[in-house]
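Written below as structure tokens is the structure these notes are about.
Reminder, nothing fancy here: chain letters follow the sequence lines and each chain counts from 1.
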Amino acid sequence: MPENSRYRRFYKVVESIPEGRVATYGQVAQLAGKPGRARLVGHALSSLEEESDVPWHRVINARGEISRRGLGDSEHYQRVLLESEGVVFTEGGRVNLVRYQWR
DNA sequence: GATCTGACCACCG
DNA sequence: CCGGTGGCCAGAT
């Protein structure tokens, strides 16, 4: 995905998420000036290059859970990345949003 | 170019 | 908190 694509707004927002904090898709969409377009964020992240500097792993869904289509292990990978930044998961494999959501 | 699909969300129950 | 519903929109087919 080229840097000059129209997803650039979203990447900019994601890049500004501090370490050890998370944001929801809807939140990113809103901060990017596209309220209600949470789905676009998902598409933006899914087309993101692996070598990108964007901390895509800090974006989770509104229930505090890691979303990913069927494929198994990359979901675990995202969790490991967050845990290495100090984010603690609950028993259900979810993040305590009131505590870790970026404001 | 019509239709389907999806890293979703708000709203309701 | 969980499940279903409707809506939005970019890619893939």
Using atom types as modelled and distance alone, determine if a side-chain donor or acceptor of A:S52 lies under 3.5 Å from a backbone N or O of A:L48.
no
Separation of C:dA10 atom P from A:R9 atom CZ, nearest Å, is 14 Å
The residue among A:Q101, A:Q78, A:E65 that forms side-chain contact (heavy atoms from CB on, under 4.5 Å) with A:I60 is A:Q78
Examine C:dG11: is either OP1 or OP2 under 4.0 Å from a nitrogen or oxygen in the side chain of A:Y7? Give yes or no.
-> yes
For this session: Look at the side-chain heavy atoms of Ile, Leu, Val, Met, Phe, Trp and Tyr, link any pair under 4.5 Å apart, and say whether A:V80 and A:V22 land in one connected group.
Result: no
- Stepwise side-chain contact (heavy atoms from CB on, under 4.5 Å) check, A:F10 with A:L40: CA-CA 9 Å; A:F10 294 122; A:L40 293 184; 4.0 Å; yes
From CZ of A:R37 across to C1' of C:dG7 the rounded distance in Å is 9 Å
In whole angstroms, the gap separating P of B:dC9 from CZ of A:F10 amounts to 13 Å
The complete set of salt bridge (charged side-chain N to carboxylate O under 4.0 Å, His left out) pairs with one or both residues in residues 30-44 of chain A, sequence neighbours excluded, reads none
Separation of B:dC8 atom P from A:L31 atom CG, nearest Å, is 18 Å
Rounded to whole Å, the CG-P distance (A:N61 to B:dA10) equals 11 Å
Contacts satisfying salt bridge (charged side-chain N to carboxylate O under 4.0 Å, His left out) that involve residues 81-98 of chain A (not counting sequence neighbours) are A:R58-A:E85, A:R79-A:E83
- Message: If you go through the side-chain atoms of A:R39, does one of them form a donor-acceptor pair with the base of C:dC8 closer than 3.5 Å?
- Response: yes
Short N/O separations, protein against nucleotides 1-4 of chain C, under 3.5 angstrom:
{"residue": "C:dC2", "atom": "OP1", "partner": "A:R94", "partner atom": "NH1", "Å": "2.9"}
{"residue": "C:dC2", "atom": "OP2", "partner": "A:R94", "partner atom": "NH1", "Å": "2.7"}
{"residue": "C:dG3", "atom": "N7", "partner": "A:R63", "partner atom": "NH2", "Å": "3.3"}

In whole angstroms, the gap separating P of B:dA10 from CD of A:Q27 amounts to 10 Å
| message | Using a heavy-atom cut-off of 4.0 Å across all strands, would you classify A:G36 as base, sugar-phosphate, or nothing? | response | nothing
note: A:E65, atom CD; B:dC8, atom P; distance rounded to Å ~ 11 Å
Within the 4.0 Å heavy-atom criterion, would you say A:L40 contacts the bases, only the backbone, or no part of the nucleic acid?
sugar-phosphate
To the nearest angstrom, the OH-C1' distance between A:Y11 and B:dA7 comes to 12 Å
Item to complete: Taking A:Q27 for its side chain and A:W102 for its backbone only, find out whether a donor-acceptor pair lies under 3.5 Å.
Response: yes
